[in-house]
S.K.: 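Handing you a structure now.
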Amino acid sequence: MATSLLKVCVRGFSSSAAASAAIKNVTVIGGGLMGSGVAQVAAQAGQKVTLVDVNEKVLGKAKDSIAANLGRVAKKKFKDAPADGEKFVAGALANLSTNTDACEAAKSADLVLEAIVEDLKVKHKLFSSLDAVAPAHAIFASNTSSLSIEEISKAAPKRKENFGGLHFFNPVPVMKLLEVIRTPFTSDETYNAMMEWGKALGKVPITCRDTPGFVVNRLLVPYLAEAVRLVERGDASARDVDIAMKLGAGYPMGPFELADYVGLDTTKFILDGWAKKFPDQPLFKPIKLLNEKVAQGKFGVKTGEGFYNYKK
Ligand SMILES: CCCCCCCCCCCCCC(=O)CC(=O)SCCNC(=O)CCNC(=O)[C@H](O)C(C)(C)COP(=O)(O)OP(=O)(O)OC[C@H]1O[C@@H](n2cnc3c(N)ncnc32)[C@H](O)[C@@H]1OP(=O)(O)O
Ligand SMILES: NC(=O)C1=CN([C@@H]2O[C@H](COP(=O)(O)OP(=O)(O)OC[C@H]3O[C@@H](n4cnc5c(N)ncnc54)[C@H](O)[C@@H]3O)[C@@H](O)[C@H]2O)C=CC1
């Protein structure tokens with residue numbers, strides 16, 4: 001009896017103590033728009049980062065975009081000292097490695113952050129395989145835009161307390177906000193470690209309960225959907241809506257430009273998920289034009305065409 005009590009206490013102590021220790025080794029899964037951005041900012045903050053994706057070709061593309069974006073950051077940060085800028089880029093790249101095997105990459109991680117496709121089943125499959133192999137102290141987090149963190153965490157029953165949401169914004173190297181999400185099970189140690197990690201990356205973390213869209217997307221998704229409905233009614237053209245919101249409301253991009261920037265494939269995943277979750281909300285009903293674009297492989301900026309054409 002005494003021994004088993006001791007075991008429980010020791011296990012409880014080591015898990016929370018480890019979760020509150022600084023995160024140094026990060027595995028980012030998904031080398032697309034968001035994962036490559038998070039890997040970049042973590043590497044430039046001095047962390048050891050392994051970026052994982054399904055094949056070497058995707059990872060090659062991610063490394064090229066990270067190198068280019070580090071160059072943009074360095075140009076600004078070391079305006080008057082280009083040699084220091086080059087050192088900064090080289091140092092960040094030296095902190096970054098890649099892998100196509102998520103389980104292998106997770107074995108030495110303090111934090112595993114998932115930024116893969118916005119599909120609950122795919123996220124479940126990933127976290128369920130990682131739960132078995134990652135160290136007990138490792139925190140698991142999702143960068144989901146619209147799914148429930150608690151739902152996602154069900155695939156990793158071993159680390160209910162070490163699971164949370166870390167929602168970054170696109171483009172990650174530029175956008176300062178980080179939404180830190182705790183489920184009813186997220187421990188204080190895990191929450192504090194996520195907040196501290198966000199600050200170490202130069203982000204401004206805010207906290208939100210695990211509610212649909214957290215703060216930003218709870219407000220942003222209905223706005224984007226209203227823009228589509230306005231155009232569908234024939235009240236204004238998409239181009240004029242974009243001009244209106246930039247020049248009249250001071251937004252850096254109009255809603256259709258922003259949807260192209262986020263990716264129309266991801267946008268469709270988010271909208272379809274919310275249509276299922278909120279079947280009585282007419283705003284989230286299918287958008288014919290969006291579905292057509294996605295079916296044609298026109299995903300926005302990342303494929304060269306979406307609502308607008310980006311091909312040179
Ligand atoms: C219509 C369909 C509707 C369907 C309904 C459903 C919708 C569901 C969608 C929900 C989406 C949810 C997504 C999500 O979860 C959360 C998000 O991330 S939302 C997106 C948030 N982001 C924004 O709102 C971005 C808005 N845009 C901007 O801030 C600027 O336009 C931007 C910074 C992207 C570019 O600025 P711009 O001046 O236009 O261009 P420049 O190229 O000159 O850049 C300015 C400045 O920034 C540097 N920079 C840009 N990108 C990067 C980068 N990747 N890395 C490093 N640096 C970068 C660039 O070098 C410039 O620096 P200077 O020193 O100023 O030259
Ligand atoms: N695009 C955006 O503006 C934002 C997206 N998000 C969220 O971030 C996540 C990723 O979005 P994006 O980067 O835009 O998507 P993306 O489509 O650019 O990248 C996703 C990447 O994940 C990879 N992938 C898919 N399944 C995988 C698996 N099982 N293992 C390893 N890699 C896998 C794909 O090959 C792809 O490279 C989504 O959950 C999305 O909702 C959050 C904030 C903003």
S.K.: Over all heavy atoms of both residues, which pair between Ala138 and Ala134 is shortest? Give the atoms and the distance, please.
M.R.: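 Taking every non-hydrogen atom into account, CB-CB, 4.3 Å.
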S.K.: Look at the side-chain heavy atoms of Ile, Leu, Val, Met, Phe, Trp and Tyr, link any pair under 4.5 Å apart, and say whether Met195 and Phe185 land in one connected group.
M.R.: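 No; Phe185 is not reachable from Met195 via cluster members.
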S.K.: For a 4.5 angstrom cut-off between non-hydrogen side-chain atoms, does Leu290 reach Val228?
M.R.: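 Counting from C-beta outward, Leu290 and Val228 never come under 4.5 Å.
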S.K.: According to the salt bridge (charged side-chain N to carboxylate O under 4.0 Å, His left out) rule, which pairs have a member within residues 231-244, sequence neighbours left out?
M.R.: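 For residues 231-244: Arg229-Glu232, Arg233-Asp235.
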S.K.: Is Ser153 reaching over with its side chain to a backbone N or O of Glu151, donor-acceptor style, under 3.5 angstrom?
M.R.: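 Between the backbone of Glu151 and the side chain of Ser153 there is no qualifying donor-acceptor contact (under 3.5 Å).
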S.K.: Val180 and Ile206: side chain to side chain contact (heavy atoms under 4.5 Å, CB included), yes or no, with the steps?
M.R.: CA-CA 6 Å; Val180 176; Ile206 60 123; over 6 Å; no
S.K.: State whether the side chain of Gln47 and the backbone N or O of Ile23 hold a donor-acceptor pair below 3.5 Å, judged by distance alone.
M.R.: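 Pair found, side chain donor or acceptor close to backbone of Ile23.
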S.K.: In Å and rounded to the nearest 0.5 Å, what is the CG to CG distance from Leu271 to Asn291?
M.R.: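 It comes to 8.0 Å.
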S.K.: Could you tell me whether a side-chain N or O of Asp110 sits under 3.5 Å from a main-chain N or O of Lys24, the two making a donor and an acceptor?
M.R.: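 Checking the backbone N and O of Lys24 against the side chain of Asp110, a donor-acceptor pair under 3.5 Å is found.
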S.K.: Could you work out, with side chain to side chain contact (heavy atoms under 4.5 Å, CB included) as the rule, every residue matching Asp260, not counting sequence neighbours?
M.R.: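 For Asp260 the side chain to side chain contact (heavy atoms under 4.5 Å, CB included) partners, ignoring immediate neighbours, are Leu264, Val301, Phe307, Tyr308, Tyr310.
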S.K.: Using atom types as modelled and distance alone, determine if a side-chain donor or acceptor of Thr27 lies under 3.5 Å from a backbone N or O of Ala105.
M.R.: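 Answer holds: yes.
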S.K.: For Tyr223, what residues pass the side chain to side chain contact (heavy atoms under 4.5 Å, CB included) criterion, not counting sequence neighbours?
M.R.: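 Tyr223 satisfies side chain to side chain contact (heavy atoms under 4.5 Å, CB included) with Leu220, Met245, Tyr251, Pro255 only.
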S.K.: Would you mind telling me which of Asn217, Val262, Val221 makes a side chain to side chain contact (heavy atoms under 4.5 Å, CB included) with Ser145?
M.R.: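 One option only clears the test, and that one is Asn217.
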S.K.: Do Asn25 and Ser108 come close enough that some side-chain heavy atom pair is under 4.5 Å?
M.R.: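 Side chain of Asn25 against side chain of Ser108, heavy atoms only: no contact under 4.5 Å found.
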S.K.: Please enumerate all residues that pass side chain to side chain contact (heavy atoms under 4.5 Å, CB included) together with Pro173, with sequence neighbours excluded.
M.R.: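 If we apply the side chain to side chain contact (heavy atoms under 4.5 Å, CB included) test to Pro173, skipping adjacent residues, the hits are Gln40, Val41, Val73, Pro171.
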S.K.: Partners of Arg218 by side chain to side chain contact (heavy atoms under 4.5 Å, CB included), sequence neighbours excluded?
M.R.: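 Residues passing side chain to side chain contact (heavy atoms under 4.5 Å, CB included) with Arg218: Pro222.
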S.K.: Linking directly or through intermediates, with side-chain heavy atoms under 4.5 Å: list the remaining ILVMFWY members grouped with Ile29, chain and number order.
M.R.: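 Besides Ile29, the hydrophobic cluster comprises Val52, Val112, Ile116, Val117, Leu120, Val122, Leu126, Phe127, Leu130, Phe140, Leu147, Ile149, Ile152, Phe163, Ile181, Phe214, Phe269, listed by chain and residue number.
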S.K.: Are Val174 and Leu258 connected in the hydrophobic side-chain network, where two residues link if heavy atoms are under 4.5 Å apart?
M.R.: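 No, Val174 and Leu258 fall in different hydrophobic clusters.
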S.K.: Hey, any chance Ile270 and Leu166 share a hydrophobic cluster, counting ILVMFWY side chains that come within less than 4.5 Å of each other, even indirectly?
M.R.: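 The answer is no; the residues belong to distinct hydrophobic clusters.
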S.K.: Examine distances only and state if a side-chain atom of Thr190 and a backbone atom of Thr186 form a donor-acceptor pair shorter than 3.5 Å.
M.R.: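 No; zero donor-acceptor contacts below 3.5 Å.
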S.K.: Restricting to pairs with a member in residues 70-90, which pass salt bridge (charged side-chain N to carboxylate O under 4.0 Å, His left out), not counting sequence neighbours?
M.R.: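 For residues 70-90, and leaving out neighbouring residues, there are no salt bridge (charged side-chain N to carboxylate O under 4.0 Å, His left out) pairs at all.
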S.K.: When you look at Leu178 and Phe169, which way does the side chain to side chain contact (heavy atoms under 4.5 Å, CB included) test go after all the steps?
M.R.: CA-CA 7 Å; Leu178 173 65; Phe169 291 80; over 6 Å; no
S.K.: Any link between Val216 and Val172 through a network of hydrophobic side chains (Ile, Leu, Val, Met, Phe, Trp, Tyr) touching at under 4.5 Å?
M.R.: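 No; Val172 is not reachable from Val216 via cluster members.
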S.K.: Between Gln281 and Trp274, is there a side-chain donor-acceptor contact under 3.5 Å, judged purely by atom types and distance?
M.R.: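 The criterion, which ignores hydrogens and geometry beyond distance, is not satisfied for Gln281 and Trp274.
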S.K.: Any donor and acceptor pair, going by atom type alone, linking the side chain of Asn143 with main-chain N or O of Glu114 inside 3.5 Å?
M.R.: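 Not confirmed, Asn143 side chain does not pair with Glu114 backbone.
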S.K.: Which residue pairs pass the salt bridge (charged side-chain N to carboxylate O under 4.0 Å, His left out) test with at least one member in residues 284-309, sequence neighbours excluded?
M.R.: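 Those involving residues 284-309 are Asp265-Lys302, Lys288-Glu292, Lys298-Glu305, Glu305-Lys311.
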S.K.: With heavy-atom distances below 4.5 Å as the criterion, would you say the side chains of Phe168 and Leu113 are in contact?
M.R.: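 The answer is yes, as the side chains (C-beta and beyond) meet within the 4.5 Å cut-off.
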S.K.: Give, for atom NZ of Lys277 and atom CG of Asp272, the distance between the pair rounded to the nearest 0.5 Å.
M.R.: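 One finds 14.0 Å between NZ of Lys277 and CG of Asp272.
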S.K.: First locate atom CD1 of Ile243, then atom CD of Glu257, and finally report the distance between them rounded to the nearest 0.5 Å.
M.R.: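 One finds 8.5 Å between CD1 of Ile243 and CD of Glu257.
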S.K.: Got a sec, which pairs hit salt bridge (charged side-chain N to carboxylate O under 4.0 Å, His left out) with one end in residues 125-145, sequence neighbours left out?
M.R.: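 Applying salt bridge (charged side-chain N to carboxylate O under 4.0 Å, His left out) to every pair that reaches into residues 125-145, excluding sequence neighbours, yields Asp131-Arg159.
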S.K.: Sort and list the pairs that fulfil ring pair (Phe, Tyr, Trp, His ring centres under 6.0 Å) and have at least one residue in residues 56-104, not counting sequence neighbours.
M.R.: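 For residues 56-104: Phe78-Phe88.
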S.K.: Hey, does Glu118 have a side-chain heavy atom less than 4.5 Å from the side chain of Ser146?
M.R.: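 Touching, per the 4.5 Å side-chain cut-off.
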S.K.: Please give me the minimum heavy-atom distance between Gly35 and Leu51, naming the atom from each residue.
M.R.: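 Between these two residues, the closest heavy atoms are O-CD1, 3.8 Å.
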S.K.: Using modelled atom types only, decide if a donor and an acceptor are shared between the side chain of Lys160 and the backbone of Lys154 within a distance under 3.5 Å.
M.R.: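 No, the answer is negative, given that no donor and acceptor are paired below the 3.5 Å cut-off.
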S.K.: For the residue pair Thr100 and Glu56, confirm or rule out a side-chain donor-acceptor distance under 3.5 Å.
M.R.: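 There is no such pair between these side chains.
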S.K.: Starting at CG of Asn69, measure out to OG of Ser36 and round the result to the nearest 0.5 Å.
M.R.: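 If I round to the nearest 0.5 Å, the distance is 7.5 Å.
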S.K.: Kindly give the heavy-atom pair with the smallest separation between Gly31 and Asp53, and that separation in Å.
M.R.: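 Heavy atoms of Gly31 and Asp53 come nearest at N-OD2, 2.6 Å.
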S.K.: Show the nearest heavy-atom pair for residues Ala193 and Ile139, with the distance to one decimal.
M.R.: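 Looking at all heavy atoms of both residues, the shortest contact is CB-CD1, 3.8 Å.
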S.K.: Does any N or O in the side chain of Asp210 come within less than 3.5 Å of the main-chain N or O of Glu150, such that one atom is a donor and the other an acceptor?
M.R.: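 Checked: pair present.
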S.K.: Rounded at 0.5 Å granularity, tell me how far OG1 in Thr144 sits from CE in Met34.
M.R.: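 Rounded to the nearest 0.5 Å, the OG1-CE separation comes out at 11.0 Å.
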S.K.: Check whether any side-chain heavy atom of Leu33 lies under 4.5 Å from a side-chain heavy atom of Tyr261, and answer yes or no.
M.R.: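 No, their side chains stay 4.5 Å or more apart.
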S.K.: Could you give the distance from OG1 (Thr267) to CZ (Phe256), rounded to the nearest 0.5 Å?
M.R.: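 Separation between the atoms: 11.5 Å.
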S.K.: Hey, any chance Val28 and Val58 share a hydrophobic cluster, counting ILVMFWY side chains that come within less than 4.5 Å of each other, even indirectly?
M.R.: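 In one cluster: no.
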S.K.: Answer yes or no: is there a side-chain heavy-atom contact under 4.5 Å between Trp197 and Val26?
M.R.: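 Touching, per the 4.5 Å side-chain cut-off.
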S.K.: State, to 0.1 Å, how close Asn162 and Ala136 come at their nearest heavy-atom pair, and which atoms those are.
M.R.: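 Nearest heavy atoms, Asn162 then Ala136: ND2-O, 3.4 Å.
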S.K.: Heavy-atom count check: over 12 atoms from other residues, nucleotides or ligands less than 6.0 Å from Lys246 NZ?
M.R.: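 Yes - once you tally the heavy atoms of other residues, nucleotides and ligands closer than 6.0 Å, there are more than 12.
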S.K.: Which pair of heavy atoms, one from Val241 and one from Ala227, lies closest together, and at what distance?
M.R.: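 Shortest heavy-atom separation between Val241 and Ala227 comes out as CG1-CB, 4.2 Å.
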S.K.: Using a 3.5 Å cut-off and no angle test, enumerate the donor-acceptor pairs between side-chain atoms of residues 91-98 and protein atoms at least two apart in sequence or in another chain.
M.R.:
from: Asn95; atom 1: OD1; to: Lys48; atom 2: NZ; distance (Å): 2.9
from: Asn95; atom 1: ND2; to: Ala43; atom 2: O; distance (Å): 3.0
from: Ser97; atom 1: OG; to: Thr50; atom 2: OG1; distance (Å): 3.4

S.K.: For residues 167-179, which residue pairs pass the side chain to side chain donor-acceptor pair (under 3.5 Å) check, not counting sequence neighbours?
M.R.: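 Only His167-Glu179 qualify under side chain to side chain donor-acceptor pair (under 3.5 Å).
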